[in-house]
Amino acid sequence: MRIFDPHIHMTSRTTDDYERMAAAGITAIVEPAFWLGQPRSSVGSFTDYFDSLVGWEPFRASQFGVRHHATIALNPKEANDPRCREVLALLPRYLEKDGVVAVGEVGYDSMTPEEDEVFAAQLALAIEHELPALVHTPHRDKARGTERTLAVVAESGIDPGRVVVDHLNEVTVGLVRDSGCWLAFSIYPDTKMSPPRMVKILQEYGLERMLVNSAADWGRSDPLLTRTTADAMLAAGFSEDDVDLVLWRNPVEFYGQSGRLDLSDVEAKEATFAGNSILRGGS
């Protein structure tokens with residue numbers, strides 16, 4: 001089984017997590033820029049953070065056989081902090097980096113006018129740099145926030161097929177399904193989705209344009225919940241090909257639109273494993 005986690009914050013995790021993920025088949029990830037839990041007080045702190053996302057973290061992941069990519073943005077929560085607004089001028093430098101496959105996370109936290117402005121500006125950057133966009137929907141008043149998100153996406157002129165709207169649930173899935181955007185679901189204890197709920201959504205809405213992620217971060221979370229969801233899909237009667245579509249081919253197709261997704265190392269290892277299996281008489 002091969003798994004691509006399209007939204008996980010490994011900056012907050014240990015090397016033990018990378019080791020466990022690789023053993024579970026999670027060999028490719030995308031790490032979006034996000035709020036670290038402590039307000040950042042200067043643009044320089046973002047520079048250091050972004051440098052880590054495109055430098056140190058891919059190296060750390062590679063030591064455990066995990067391919068790391070990133071998305072870069074001023075996150076919605078810090079869009080309200082005037083000390084952080086100068087980050088918008090910094091973003092173009094990072095949006096040209098090889099390992100950056102989207103603009104994100106962008107979107108809403110509290111749905112303020114400041115968030116409206118920053119969201120629109122970063123969708124414009126996605127268009128300018130020919131990158132997809134990863135959109136964060138608010139944790140509170142999610143239905144209204146999702147409707148507002150889709151309105152801003154439509155106004156921006158970005159192709160909805162280059163936008164993934166994340167942190168969806170049973171209330172918001174229908175709204176996004178009809179928009180042409182990709183749909184993403186975070187399997188995250190207590191506050192977001194669970195594997196059984198995710199399986200029911202896939203049974204009702206199908207597998208097209210569906211992404212499943214762990215969103216694991218510094219909170220109570222689990223970087224193996226993508227694998228748990230894959231196992232739940234199999235137990236519910238989905239085929240191995242269905243699992244591969246949702247947990248691998250869909251994120252590859254979405255982030256592949258950046259032209260920067262590089263999975264050559266992972267694919268080479270898979271080919272070697274398959275060849276060795278045939279030589280041993282495996283199927």
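For S41, the side chain to side chain contact (heavy atoms under 4.5 Å, CB included) partners at least two apart in sequence or on another chain are R83. Residues satisfying the ring-ring contact (aromatic ring centres under 6.0 Å, His included) test with H136, not counting sequence neighbours, are H139, H167. Remark: Y94 engages F50 in a ring-ring contact (aromatic ring centres under 6.0 Å, His included) (not counting sequence neighbours). Evaluation of the side chain to side chain contact (heavy atoms under 4.5 Å, CB included) rule for S179 yields L150, V176, C181 as partners, not counting sequence neighbours. Applying the ring-ring contact (aromatic ring centres under 6.0 Å, His included) rule to F119 yields the partners Y108; only residues at least two apart in sequence or on another chain are considered.
The distance from atom CG of D98 to atom CG of L261, rounded to the nearest 0.5 Å, is 12.0 Å. Atom CD1 of I8 is separated from atom CE of M21 by 4.0 Å, given to the nearest 0.5 angstrom. Between the NZ atom in K77 and the CH2 atom in W35 there is a gap of 4.5 Å [rounded to 0.5 Å]. One distance of note links CE of M10 with NE2 of H68; it measures 8.0 Å at 0.5 Å rounding. Here the CG atom belonging to L207 is positioned 12.0 Å from the CG atom belonging to L183, to the nearest 0.5 angstrom. To the nearest 0.5 Å, atom CD of residue E31 and atom NE2 of residue H9 are 7.5 Å apart.
Side-chain contact between T137 and T172: absent, with no pair of heavy atoms (C-beta onward) separated by less than 4.5 Å. For the pair E57 and I29, the minimum side-chain heavy-atom distance is 4.5 Å or more. In this structure, the side chains of V153 and L123 come closer than 4.5 Å at one or more pairs of heavy atoms. Using a 4.5 Å heavy-atom threshold, the side chains of K142 and N169 count as touching. V103 has its side chain out of reach of H129: every pair of non-hydrogen atoms, C-beta onward, lies at least 4.5 Å apart. Side-chain contact between P189 and L225 is present, with heavy atoms from C-beta onward closer than 4.5 Å. Looking at heavy atoms from C-beta onward, R40 lies in side-chain contact with N75 at the 4.5 angstrom threshold. When side chains are defined from C-beta on, R249 counts as touching D241, because their heavy atoms get closer than 4.5 Å.
No donor-acceptor pair closer than 3.5 Å links the side chain of D48 to the backbone N or O of S45. In this structure a side-chain-to-backbone donor-acceptor pair under 3.5 Å is present from R197 to K192. No donor-acceptor pair closer than 3.5 Å links the side chain of R2 to the backbone N or O of D244. For the pair S258 (side chain) and R260 (backbone), a donor-acceptor distance under 3.5 Å is present. Within the 3.5 Å criterion, the main-chain N or O of M210 finds a donor-acceptor partner in the side chain of N250. Side chain of S221 to main chain of G219: a donor-acceptor pair is present (N/O by atom type, distance under 3.5 Å, no hydrogens or angles). With hydrogens and angles disregarded, a donor-acceptor distance shorter than 3.5 Å links the side chain of Y255 to the backbone of P6.
A salt bridge between R162 and D159 is absent, with no side-chain N of the basic residue lying under 4.0 Å from a carboxylate O of the acidic one. The residues R144 and E147 are annotated as not salt-bridged, no charged nitrogen and carboxylate oxygen being separated by less than 4.0 angstrom. Using a cutoff of 4.0 Å between basic side-chain nitrogens and carboxylate oxygens, R177 and E204 are not scored as salt-bridged. The pair R20-D16 does not meet the salt-bridge criterion, since no charged nitrogen lies less than 4.0 angstrom from a carboxylate oxygen.
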Q: Test side-chain contact (heavy atoms from CB on, under 4.5 Å) on L224 and I26 and set out the steps.
A: CA-CA 8 Å; L224 299 188; I26 305 165; 4.0 Å; yes
Q. Given S239 and D242, is the side chain to side chain donor-acceptor pair (under 3.5 Å) satisfied, shown in steps?
A. CA-CA 5 Å; S239 69; D242 292 334; 3.2 Å; yes
Q | Stepwise side chain to side chain donor-acceptor pair (under 3.5 Å) check, S264 with R67 | A | CA-CA 9 Å; S264 55; R67 188 67 175 91; 6.0 Å; no
Q: Give the intermediate values and the outcome of side-chain contact (heavy atoms from CB on, under 4.5 Å) for residues W248 and T27.
A: CA-CA 10 Å; W248 186 268; T27 55; 3.7 Å; yes
Q: Apply the test side-chain contact (heavy atoms from CB on, under 4.5 Å) to residues Q122 and I72: give CA-CA distance (whole Å), side-chain angles for both, the deciding distance (0.1 Å), then the verdict.
A: CA-CA 10 Å; Q122 294 188 101; I72 298 292; over 6 Å; no
Q: I would like to know whether D166 and N213 meet side-chain contact (heavy atoms from CB on, under 4.5 Å); could you show each step before the answer?
A: CA-CA 9 Å; D166 209 342; N213 64 71; 3.2 Å; yes
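W218 and Y188 fall into different hydrophobic clusters, where Ile, Leu, Val, Met, Phe, Trp and Tyr side chains are chained together by heavy-atom contacts under 4.5 Å.
Between F34 and Y49, the angle of the ring planes lies from 30° to 60°, which puts this pair in the tilted group.
Other residues, nucleotides and ligands contribute only 12 or fewer heavy atoms inside 6.0 Å of the CD atom of E130. Atom CD of E240 has 12 or fewer heavy atoms from other residues, nucleotides or ligands within 6.0 Å. The environment of D116 atom CG is dense: over 12 non-hydrogen atoms of other residues, nucleotides or ligands sit within 6.0 angstrom. Annotation for E86: atom CD does not count as buried by contact number, only 12 or fewer foreign heavy atoms lying within 6.0 Å.
Heavy-atom minimum distance, S186 versus A215: OG-CB, 3.6 Å.
Hydrophobic cluster of F59: the remaining members, joined at side-chain heavy-atom separations below 4.5 Å, are W56, listed by chain and number.
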